[in-house]
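Side chains are part of it too, since the values below use all heavy atoms of this structure and drop only hydrogens, waters and symmetry mates. Order of the sequence lines fixes the chain letters, A, B, ..., with proteins taken first and strands second; residue numbering starts at 1 for each chain. All of these numbers come straight from a predicted model, not from anything done at the bench.
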Amino acid sequence: MERRTLITAALPYSNDRLHLGHLRSTYIPADIYYRYLRKRGEDAVFICATDEHGTPIAVRAEREGVTPKEIADRYHVLIKDDLEGVGCAFSIFSRTTHPIHYETTRAFFLKLYEKGFIYEKEVEQLKCPRCDRFLPDRYVEGTCPYCGYEGARGDSCDYCGRYLRPTELRNPRCIVCGEKPVVAKSKHWFFKLSAFQEELLKWLSGNEKLPVNVKNYALKWASEGLKDWDITRDMEWGVPIPVEGGEGKVIYVWFDAPIGYISATKVWAEQIGDKERWRKYWGKEGGARIVHFIGKDIIYHHAIFWPAMLMAEGSFGLPYTIIAGEYLTLEGRKMSKSRGWVISVADYLKLLEPDPLRYYLVMAAPLDRDADFSWEEFVRRYNDELVDILSNFIHRTLTLLTRYFNGKVPKPPHLTEKDLEVLSSIKAAVDKVAENLENFKFRDGLLEVMKLAHLGNKYLNDTAPWSAIKSSPERAAASLYVAVQIVRALADLICPFMPFSAKRLYKMLKLKGEPENTPWEAAKEKLPPEHELGEVKPLFKKLKSEEGEKIRRSLLPREEKQMAQVSLEEFYKAELRVGRIVKVKELGREHLYLVIKLGEVERSCVARIGGKYTREQLLGRQVVVVANIKPATIRGVRSEVMLLAAVHDGEVVLIVPEREVPEGSLVR
RNA sequence: AGCGGGGUGGGGAAGCCAGGUUAUCCCGCGGGGCUCAUAACCCCGAGGUCGGAGGUUCAAAUCCUCCCCCCGCUACCA
């Protein structure tokens, strides 16, 4: 039976635009795979959608005074633009607010409910007395019960990585108002995840297609024991619970999001006018190979939660494999949206073409390892590899043909052993690229493509048609006949990786149709003698250094570049010490005069914390000061040391030792 | 502390999971060839005790143990 594949790319969360990291970990690999299968003529569908529920969108909407749907609408369009801009050829880019999604999610939930895999339970839940509402997971922060980390969120601890429940947190606080929540009873629905532990372990360990990074990670969690999963939340934004008593509650976003893969397939089927078509992919028997492309951060959800949900539901196929892309750093450092240390897809596309980016992101490192986006490296790969090796080979071949053979493929009199050998290595290359793509080895596949271009350059050098044309035109004809076959193959081979360039190359070669719809094996076909070529133009132009510098300046985020770095040595010049406040006097409305005892000595300090702290709050407390700061006179009073405090939105919070230490202790 | 990733010729990276002939690729460097092409292309060469120490093995960059060093995770976020 013919192979059928359903490819999904992780649903982008609809409250921000995408950056280069998203592309590298998920969307470009998925797109390459889909384009490859499509060229193979296989039955493949490429599914994606925006994920539009959940607390972050709700919180943000609240803050902006709009509805959550408005936020989701806004970003759905932008994200779609980003992805289409880099060439992602989705069959459908749907959304989880689509009516079909609601319907599918409700049905999924009900089926599990009827089968007894979802049960109701009164739980003790955190409720904020000041905000007067139950607090869904991320509305609470506190101390992790496992590792003691103080900034753990209600759903998980970022420090030790464990998944938590809000009530497990020690010292919880409401993130909206900071109030200590109280425990209150609330009814919730749980998915019997624990019931699937054995089946999951079996499925995970028996699945030879799962990459090691996914498999090991999931096995570790599954074998540590799975708890039942609270899949409802006290909020309005989301899919309403389809059973009695669920008023004011919705299904948890991580429960409905993966169902989006199914619902989006349904939307697609409807759009192409073959409403029941989706069943061919999701059917348990005779369904498609379901291939999920995700980022490494959501392995847990795709390799544990999702398969368990599917096992419980029973009528859909389980994932065939899950490809988890690792992260992309920017100039060697982790990307960070809040620090502005990111390059957004939109910004990139304003300045450069998508193909070189696709090339770079694939080449930078294998998918299962972290990669780095560095401007210098990008320019190097662009100029030295794409331009010099690939584009230049194509250009010189086509130019020679234009000059010596009127832009037509010459008729080779006879082909030497060497010519035949090169022709057969074209076929071998086509197969090698395919084999790598079959195994999700995108980088290796692209390397094979480049090897073929390299071979082309070598072949041209060895056969030197430019000099053969004088001594033996027949040799020149043979040589260029062979060389142009390599170019022809490249036109198809680069298509999954660099679809825009493939298109241009198709035009230059006057090949019929579009590269994306032309069968993969066409790469092995030969351009016949007399075939006429189109207008020859370089595929990629070199990035000149001034031009590159200009792009670099507007592309790379500025904020971090301005941040000066401090060496350890420099840092140690600052002498931070613990002292005790032994005297407090007001100095106008904003300032306080303090005397701070640092061991044997006492130092004066004028601090701008008036109105923030009272005399009583300060007297006798231990604080941290910069002991060797250059003394200054503030409000007419000499200040010898500087008091340290955290500053945020007009708040001033003193830095104090976690417990009492001898005065004068050094802080390092 | 924990979790994760990494340490391979001057720079950047593969290879490591499935151990095995001269350790691969791009850049840089030295020499040569070519002059069709976007000062591009091709060939040859120098340069590596594959972080360190043990161990397993006929054989280890690759497996095991211990150690050293670097990076990320404490802030929504692939």
Side-chain angles (χ1 to χ4, degrees), chain A residues 9-13 15-29 54-57 59-60 138 141 144 146-153 157-162 211-213 215-217 220 293-298 324-329 332-339 342 363-366 368-372 374 376-377 380-381 383-385 387-389 391-404 443-444 447 450-451 453-469 476 479-480 483 536-544:
Chain A
L11 310 189
Y13 197 57
N15 77 337
D16 208 347
R17 298 196 78 153
L18 300 180
H19 56 67
L20 301 191
H22 296 101
L23 297 184
R24 124 90 188 186
S25 71
T26 308
Y27 302 98
I28 298 299
T55 50
I57 286 177
V59 170
R60 177 159 171 191
R138 291 204 179 184
E141 276 182 6
C144 173
Y146 298 101
C147 72
Y149 171 62
E150 290 184 7
R153 292 192 313 252
C157 172
D158 285 315
Y159 204 51
C160 65
R162 267 176 229 268
V212 275
N213 62 338
K215 197 177 198 166
N216 292 345
Y217 186 89
K220 192 188 120 215
F293 283 85
I294 60 171
K296 71 170 169 185
D297 58 325
I298 49 176
E326 304 273 323
Y327 278 163
L328 184 72
T329 52
R333 291 199 304 283
K334 213 209 155 186
M335 292 204 201
S336 158
K337 280 185 203 161
S338 52
R339 271 188 195 159
V342 282
M363 280 301 229
D368 59 3
R369 285 177 75 144
D370 285 339
D372 182 45
S374 107
E376 205 185 330
E377 193 64 7
R380 192 193 65 63
R381 282 199 186 273
N383 285 339
D384 299 346
E385 297 179 16
V387 178
D388 290 351
I389 295 174
S391 175
N392 185 45
F393 163 68
I394 293 166
H395 192 242
R396 64 199 290 222
T397 302
L398 299 185
T399 309
L400 285 166
L401 278 168
T402 307
R403 181 167 316 158
Y404 300 145
R443 183 178 189 271
D444 291 341
L447 277 170
M450 294 307 284
K451 264 192 202 162
H454 195 282
L455 176 73
N457 275 320
K458 181 171 162 49
Y459 175 79
L460 274 190
N461 269 56
D462 292 348
T463 55
W466 51 88
S467 62
I469 195 76
S479 164
L480 287 172
V536 177
K537 265 192 272 178
L539 212 48
F540 297 107
K541 272 183 281 177
K542 261 203 170 159
L543 215 50
K544 297 271 191 293

Please report, rounded to the nearest Å, how far the [atom2] atom of [N] is from the [atom1] atom of [X].
X: A/Lys458; N: B/rC42; atom1: NZ; atom2: P; result: 9 Å
X: A/Glu385; N: B/rA40; atom1: CD; atom2: P; result: 14 Å
X: A/Phe293; N: B/rA78; atom1: CZ; atom2: C1'; result: 14 Å
X: A/Lys296; N: B/rC73; atom1: NZ; atom2: P; result: 11 Å
X: A/Asn383; N: B/rA39; atom1: CG; atom2: P; result: 11 Å
X: A/Phe393; N: B/rA40; atom1: CZ; atom2: C1'; result: 14 Å
X: A/Asp297; N: B/rC76; atom1: CG; atom2: P; result: 12 Å
X: A/Asn15; N: B/rC77; atom1: CG; atom2: P; result: 8 Å

Under 4.0 Å, heavy atoms only, any strand: does [X] hit a base, just the sugar-phosphate, or nothing?
X: A/Asp16; result: nothing
X: A/Leu539; result: base
X: A/Leu328; result: base
X: A/Gly325; result: nothing
X: A/Phe540; result: base

Given the [atom1] atoms of [N] and [M], what is the spacing between them in whole Å?
N: B/rA53; M: B/rG31; atom1: C1'; answer: 41 Å
N: B/rC16; M: B/rC63; atom1: P; answer: 9 Å
N: B/rC44; M: B/rC27; atom1: P; answer: 14 Å
N: B/rG15; M: B/rA61; atom1: C1'; answer: 8 Å
N: B/rG52; M: B/rG6; atom1: C1'; answer: 16 Å
N: B/rG10; M: B/rG54; atom1: C1'; answer: 31 Å
N: B/rU22; M: B/rG47; atom1: C1'; answer: 16 Å
N: B/rG19; M: B/rC64; atom1: P; answer: 11 Å

Rounded to the nearest 0.5 angstrom, the CH2-CG distance for A/Trp466 and A/Leu460 is 5.5 Å
Under a 4.5 Å cut-off applied to non-hydrogen side-chain atoms, are [X] and [Y] in contact?
X: A/Thr397; Y: A/Phe393; result: yes
X: A/Asn392; Y: A/Arg396; result: yes
X: A/Asp370; Y: A/Thr329; result: no
X: A/Ser25; Y: A/Leu328; result: no
X: A/Met450; Y: A/His454; result: no

Q) Does A/Arg24 come within less than 4.0 Å of A/Glu326, counting only side-chain N to carboxylate O? A) no
Salt bridge check, A/Lys542 against A/Asp388: does any charged N sit closer than 4.0 Å to a carboxylate O? yes
Contact string for nucleotides 30-36 of chain B, one letter per nucleotide 5' to 3', B = base within protein heavy-atom range under 4.0 Å, S = sugar-phosphate only, - = neither, reads ---BSSB
Each nucleotide of nucleotides 8-20 of chain B classed B (base within 4.0 Å of a protein heavy atom), S (only sugar-phosphate) or -, in 5' to 3' order, makes ----SSSSBB---
The nucleotide from B/rA78, B/rC42, B/rC27 with an atom nearest the side chain of A/Thr26 is B/rA78
Of A/Asn457 and A/Met335, the one whose nearest nucleotide on RNA chain B sits closer to the 5' end is A/Asn457
Between A/Glu326 and A/Lys542, the residue closer to the 5' end of RNA chain B by nearest nucleotide is A/Lys542
Self-check item: Short side-chain N/O contact to B/rC41 OP1/OP2 from A/His454, under 4.0 Å
Solution: no
For A/Leu480 and A/Tyr404 the tightest heavy-atom approach is CD1-CD1, 4.2 Å
If one requires at least 3 consecutive Watson-Crick or G-U pairs with distances under 3.5 Å, the stems of RNA chain B turn out to be B:2-7 with B:68-73, B:10-13 with B:24-27, B:29-33 with B:41-45, B:51-55 with B:63-67
